Undergrad: 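Take a look at the following structure, please.
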Amino acid sequence: MHRRFFAPGALAAATVLLAIPASAASSVPGAPGIGDPYYPAYGNGGYDVSHYDLRLTYQPATDLLQGTATLLARTTQDLSRFNLDFLLDVSEVRVNGAKASFTTSGEHELEITPKRPLAKGSDVTVVVRYSGVPSAKKAYGFTSWHRTPDGGVAANEPEAAWWWFPSNDHPLDKATYDVSVAVPDGTQAISNGTLQSTSSRLGWTRYNWRSNKPQATYLATLAVGKFDITTGTTESGIPVLNAYSKDLGDNYPAAKASIERTGEIADWLSEYFGPYPYNALGGYVPNTTTRYALETQTRPFYSPVRFANGTNTYLVVHELAHQWYGDLVSVAGWKDIWINEGFARYSEWLWSEHEGEGTTQEIADYVYASRAADDPFWTVLPGDPGPDNQFHIAVYDRGALALQALRNEIGDDDFFAILKGWTAKYAHGNATVADFRAYAEEVSGQSLDALFDTWLFQPSKPPTAAARAVSLAQEKTAPAQPKSWKKLVSTGDVHDHDTHEGHEDHEDHED
């Protein structure tokens, strides 16, 4: 508390300045957004979180979630106030042990004013006590919490955290996690990383999960329900835990037949991308009505409908490829989504080649030839698609075409050295499309500005001459449809998040 001094002239001004600590005098509120042009209100300014400790209790019958979140953070500026992204009802906030005042603003902002201003470079502990019914909360007209017959699930992109824990919700601020969830006996709680322990008391079972490598907030997941759980180990020694809702019905066998190949596929991908980067692996299929899948770190989320037509290993390949491209190396901004989706899509093309169902070149030729020059597909720029087209099929297929073009331009040795070296250079960090181009130029020793501009940044179909220069569409006759095409089409809307009403306008394309 600062006393007010009433004295005339310069003496009064000097006295006031002496009475206020320098950090307080220069403190300003942290920005309500981290600065992403696609989503200006997402994330927050003024601090960086290193760890989230979430101690939760969830009642499936009522969808009531109660919790205490402890955030370990460090300030990046002098702060008089800061924001967290959150939607549930808050009862108390403490900053460095002292009660802090708080209010809400905008669609999803929790504004916290600590008892004393925070100096730049300070370690800060923030404790938030809260409760609420996640399925009853909406922001921007949608919810990222999925109610199931036996529980609930948090999984969505580019946002999911607001519905179950307060956070700095942007990929630029990665952190480690401890997630402890108590649920009624007979129900399980699934999250990222390794299951450290379980304990039961008075009709409740507590599951303690740990993610010990940096993880973006949208990649954190929680699923509560009744699951059949399988465990195992990959050939390379990574423990695998998969979970299947007990009420998947006819989709159950196909889901299990697909996801039980997770270890095999991860080992295969490591040949291209480098060693698997985490100490846990798996996937889960809750009984949701959603359509999409998501690369939640170490344990991807899969919607049951994805297995309605039988096994879907291409989908598993896609989500596991993201463990390197998207999770290990994350976007610096959401406009850089190509370095997630173009690469995961290209991994499916590599799997097609591995399965003898069509080479990457054959798929690239077919994609190029099957889209007329006036198809709106070519107007979407994979290198900066805009928020409305962030998960458009062009980001996937045209994005993968760009990689095939790069491969043909620089040769296999440099191309595959780039795929593996990139994940090592930016491991557990963030990067941009420009960073990738610069890295490709560094490895190949070639100037690649024109190639990247043609395939990622021009709102038109690359001319035939450019395509032929990189061995695309060599034949005058239309290329044959690859055997894998229908399987690839089935994953074409893999991230079409139908819970959103304005974020993704994803175009299904059929043959």
Side-chain angles (χ1 to χ4, degrees), residues 56 58-65 87 133-139 141-165 179 181 183 187-192 207 209 218-230 241-260 262 282-312 315-316 318-319 322 391 490-501 503-504 506 508:
L56 312 174
Y58 179 73
Q59 177 53 263
T62 60
D63 198 37
L64 176 64
L65 178 69
L87 288 174
V133 176
S135 60
K137 300 292 186 180
K138 286 189 175 183
F142 66 87
T143 178
S144 288
W145 181 267
H146 315 300
R147 195 79 164 96
T148 62
D150 54 8
V153 178
N156 213 338
E157 179 185 17
E159 67 290 289
W162 315 340
W163 284 263
W164 66 291
F165 69 97
V179 178
V181 190
V183 294
T187 299
Q188 294 115 319
I190 307 295
S191 191
N192 313 80
Y207 293 82
W209 294 89
Y218 84 95
L219 298 172
T221 192
L222 175 64
V224 176
K226 295 181 179 180
F227 296 96
D228 290 330
I229 293 177
T230 66
L241 185 149
N242 298 320
Y244 309 90
S245 175
K246 292 179 180 292
D247 55 1
L248 293 180
D250 290 345
N251 291 329
Y252 188 106
K256 189 171 184 180
S258 305
I259 294 167
E260 289 302 303
T262 288
Y284 74 95
V285 191
N287 187 23
T288 65
T289 59
T290 60
R291 289 189 50 81
Y292 61 87
L294 183 64
E295 62 270 21
T296 40
Q297 192 161 303
T298 71
R299 190 153 292 108
F301 158 87
Y302 300 95
S303 296
V305 71
R306 287 288 160 184
F307 306 99
N309 296 322
T311 55
N312 197 341
L315 177 64
V316 178
H318 186 104
E319 300 309 331
H322 277 312
F391 300 103
S490 76
T491 66
D493 60 347
V494 61
H495 292 161
D496 184 12
H497 299 179
D498 48 17
T499 55
H500 284 52
E501 297 180 1
H503 285 192
E504 291 93 342
H506 192 103
D508 265 336

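Nothing fancy with the numbering, it's 1 onward along the sequence. The shown structure was predicted, so the numbers you read here are calculated from the model rather than taken from an experiment.
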Undergrad: How far apart are the closest heavy atoms of Ala160 and Ser144, and which atoms are they?
TA: CA-CB, 3.8 Å
Undergrad: What pair of heavy atoms forms the shortest contact from Thr187 to Pro60, and how long is it?
TA: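 Between these two residues, the closest heavy atoms are CG2-CG, 4.1 Å.
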Undergrad: Going from CG on Leu65 to NZ on Lys137, what distance comes out if it is rounded to the nearest 0.5 angstrom?
TA: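 Between atom CG of Leu65 and atom NZ of Lys137 there are 12.0 Å.
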Undergrad: What's the shortest heavy-atom distance between Gly282 and Asn242, and which atoms?
TA: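 What the structure gives for the nearest pair is CA-OD1, 3.1 Å.
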Undergrad: Determine whether Thr62 and Val133 make a side-chain contact, defined as any pair of heavy atoms from C-beta on separated by less than 4.5 Å.
TA: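 No. Closest side-chain heavy atoms not under 4.5 Å.
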Undergrad: Closer than 3.5 angstrom, by distance alone: can the side chain of Thr221 be matched with the main-chain N or O of Ala154 as a donor-acceptor pair?
TA: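 Confirmed, Thr221 side chain pairs with Ala154 backbone.
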Undergrad: Judged by atom type as modelled, is there a donor-acceptor pair below 3.5 Å linking the side chain of Thr290 to the main-chain atoms of Ser303?
TA: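 Looks like no, no N/O pair under 3.5 Å.
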Undergrad: Does Glu295 offer a backbone N or O that forms a donor-acceptor pair with the side chain of Glu319 under 3.5 Å?
TA: yes
Undergrad: Does any part of the side chain of Tyr244, heavy atoms only, come nearer than 4.5 Å to the side chain of Ile259, both counted from C-beta?
TA: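 Touching, per the 4.5 Å side-chain cut-off.
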Undergrad: Restricting to non-hydrogen atoms, name the atom on Ala155 and the atom on Leu294 that form the minimum distance, rounded to 0.1 Å.
TA: C-CD2, 3.8 Å
Undergrad: Short question: side chain of Thr143, backbone of Lys138 - any donor-acceptor pair under 3.5 Å?
TA: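 Looks like no, no N/O pair under 3.5 Å.
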Undergrad: So, using side-chain contact (heavy atoms from CB on, under 4.5 Å) as the criterion, who are the partners of Ser191 when residues are at least two apart?
TA: Val179, Trp209
Undergrad: Quick one: do Tyr284 and Val153 satisfy side chain to side chain contact (heavy atoms under 4.5 Å, CB included)? Show the steps, please.
TA: CA-CA 11 Å; Tyr284 74 95; Val153 178; 3.5 Å; yes
Undergrad: Whether the side chain of Asn287 engages the backbone of Leu248 through a donor-acceptor N/O pair (distance < 3.5 Å, no angle test) should be reported.
TA: no
Undergrad: Are the side chains of Val316 and Tyr302 in touch, meaning some heavy atoms are under 4.5 Å apart?
TA: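 Answer yes - side chains close enough.
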Undergrad: Taking only residues at least two apart or on different chains, which pairs with a member in residues 297-306 satisfy salt bridge (Lys or Arg N to Asp or Glu O under 4.0 Å)?
TA: Arg306-Asp493
Undergrad: Do the side chain of Asn192 and the main chain of Leu219 share a donor and acceptor less than 3.5 angstrom apart?
TA: yes
Undergrad: What are the two closest non-hydrogen atoms of Pro134 and Trp163, and how far apart are they?
TA: O-CD1, 3.3 Å
Undergrad: Less than 4.5 Å apart, any side-chain heavy atom of Asn312 and any of Ser490?
TA: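 Side-chain contact under 4.5 Å: yes.
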Undergrad: Could you check if a side-chain atom of Leu315 sits within less than 4.5 angstrom of a side-chain atom of Phe307, using non-hydrogen atoms only?
TA: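 In contact.
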Undergrad: Taking only residues at least two apart or on different chains, which pairs with a member in residues 246-257 satisfy salt bridge (Lys or Arg N to Asp or Glu O under 4.0 Å)?
TA: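 Qualifying pairs, neighbours excluded: Asp228-Lys246.
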Undergrad: Can Trp145 and Asp63 be counted as having a side-chain donor-acceptor contact under 3.5 angstrom?
TA: yes
Undergrad: If we only count heavy atoms from C-beta on, is the Ile190 to Ile229 side-chain gap below 4.5 Å?
TA: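 In contact.
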Undergrad: Are the side chains of Leu222 and Phe165 in touch, meaning some heavy atoms are under 4.5 Å apart?
TA: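 They are not in contact (no side-chain heavy atoms under 4.5 Å apart), so the answer is no.
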Undergrad: Output yes when a side-chain donor or acceptor of Gln188 lies under 3.5 Å from a complementary backbone atom of Phe227, and no otherwise.
TA: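 At least one qualifying donor-acceptor pair exists.
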Undergrad: Considering the options Asn156, Val285, Thr288, which one meets the side-chain contact (heavy atoms from CB on, under 4.5 Å) requirement together with Phe301?
TA: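 Single side-chain contact (heavy atoms from CB on, under 4.5 Å) partner of Phe301 among Asn156, Val285, Thr288: Thr288.
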